[in-house]
Amino acid sequence: MRPSHLLLAVLVAAVWGVNFTVVEIGLGHFPPLLFSALRFLAAALPAVFLVGRPKVAWKWIAGVGLVLGVAKFGLVFVGMDAGMPAGLSSLVLQIQAVFTAVIAAAVLGERPSRVQALGMLVAVAGIGVAAVDEGASGPLGAFVMVVGAAAAWGVSNVLTRKAAPPDALNFMVWVSTVPVLPLLALSLLTEGPADDLAALRGLDWQGAGTILFVAWVSTVFGFGAWGWLLRRHPASTVAPFSLLVPVFGMSSAALFLGESVTVPRWCAAALLVGGVALTTLAPSRRAAGEAGTAGMAATAANRRPDGSDAPDARGASGAPDASDTQTPPARRPEPTLTPRR
């Protein structure tokens, strides 16, 4: 990864981590569901007129919009408004990797490897430590809401995998159009028209700034840059940078909000981040099997008729060289002994 790409990945992780502190500030200006609705409204407009038509079926846009926008972000904002600290929220949400792996195993048949299973257990242990710490010092119900938000995030990850959007920015902008009306309706029903109108009438520069940050910087820029990196680098190279999100989240909350980080919380962070790293970075059994099969097929394809190995254009390491990022040369005719699958 080029230094500029590496810096961009770190910047996105920093933006997503600091976003929790910004959300905490914004909740001082708006009811949580109204705040979430305004966030998606600002993310969708005017970007929806600039990114072109949707590039996936509407069922995927609607599904991800409801699960990610209404369930996940609704629970996060309500949980934080109920007393869940911003730094701890940024940490607990990382359990979404475990939910994603479990749901993918049930729906997509991606059986976790032993290393992934170990990572899940370690991450769950971290959640247990954080729950005990939060139950002793804060509202446990708010903690459960954020865990529920992580589960919803896992569902949306699997739906996104099924949708396979070719353009992450286009997909995220159109997804942002879906939650606006449901969140507004829920806000009117649960938070009341009086509180919503009072918040809108009292809108000041700080409140407007929090909306613009979570909408344009965290959502549009963050997901757009992340998708841009994923189109240029393997997911295994980009994904580990997401583990920096709770680092920036807890640090910014301590710096700007004065949140204390207890010893149990540090232990929970170590367990959770370590478990998520094992769960995220270790290949599933299905992926490992497919990689092994692909490797055997590639070896057979490069084998000369006399049984000796032909040199690989990518070199001994199997990594693409600089020419792979440019227009590829015309493909040579396949040898007649190349196995067909």
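The figures here come from the full heavy-atom set of this structure, side chains too, leaving out hydrogens, waters and symmetry mates.
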Partners of [X] by ring-ring contact (aromatic ring centres under 6.0 Å, His included), sequence neighbours excluded?
X    : answer
F213 : none
F20  : none
W58  : W174
F30  : F35

Reported [atom1]-to-[atom2] distance for the pair [X] and [Y], which is rounded to 0.5 angstrom:
X    : Y    : atom1 : atom2 : answer
S36  : L41  : OG    : CG    : 11.5 Å
M84  : L75  : CE    : CG    : 12.0 Å
I211 : R39  : CD1   : CZ    : 11.5 Å
K72  : L93  : NZ    : CG    : 5.5 Å
L33  : D195 : CG    : CG    : 11.5 Å
L271 : L121 : CG    : CG    : 11.5 Å

Strictly distance-based, threshold 3.5 Å: is any side-chain N or O of E259 a donor or acceptor partner for the main-chain N or O of A254? no
Taking S251 for the side chain and F248 for the main chain, is one N or O donor matched with an acceptor at less than 3.5 Å? no
With a 4.5 Å heavy-atom cut-off, do [X] and [Y] have their side chains touching?
X    : Y    : result
V22  : V217 : no
F241 : L6   : yes
P54  : W60  : no
L66  : P182 : yes
E24  : F256 : no
L200 : L38  : yes
M250 : R265 : yes
Q94  : V273 : no

Can you see which heavy atom on [X] is nearest to which on [Y], and at what distance?
X   : Y    : value
V56 : P166 : CG1-CD, 4.0 Å
A43 : T219 : CB-CG2, 4.1 Å
V64 : F171 : CG2-CZ, 3.8 Å
M80 : L27  : CB-CD1, 3.7 Å
V15 : S218 : CG1-CA, 3.7 Å
L88 : A130 : CD1-CB, 4.3 Å

Which residues end up grouped with L7 if you chain together Ile, Leu, Val, Met, Phe, Trp and Tyr wherever their side-chain heavy atoms are less than 4.5 Å apart? none
For a side chain to side chain contact (heavy atoms under 4.5 Å, CB included) check, start with the C-alpha distance between L183 and F73, then their side-chain angles and the critical distance, and finish with the verdict. CA-CA 10 Å; L183 286 170; F73 282 105; 6.0 Å; no
Applying side-chain contact (heavy atoms from CB on, under 4.5 Å), name anything that partners A47, two or more places apart in sequence or on another chain. V173
Run the side chain to side chain contact (heavy atoms under 4.5 Å, CB included) test on D167 and R231 for me, step by step, so that the C-alpha distance in whole Å, both residues' side-chain angles and the decisive distance to 0.1 Å come before the verdict. CA-CA 9 Å; D167 186 335; R231 288 196 298 272; 4.3 Å; yes
Are any of the side-chain nitrogens in R161 or E110 under 4.0 Å away from the carboxylate oxygens of its partner? yes
Before you tell me yes or no, could you show the steps for F221 and W228 under ring-ring contact (aromatic ring centres under 6.0 Å, His included), namely the whole-Å CA-CA distance, both residues' side-chain angles and the distance that decides it to 0.1 Å? CA-CA 10 Å; F221 165 76; W228 186 87; over 10 Å; no
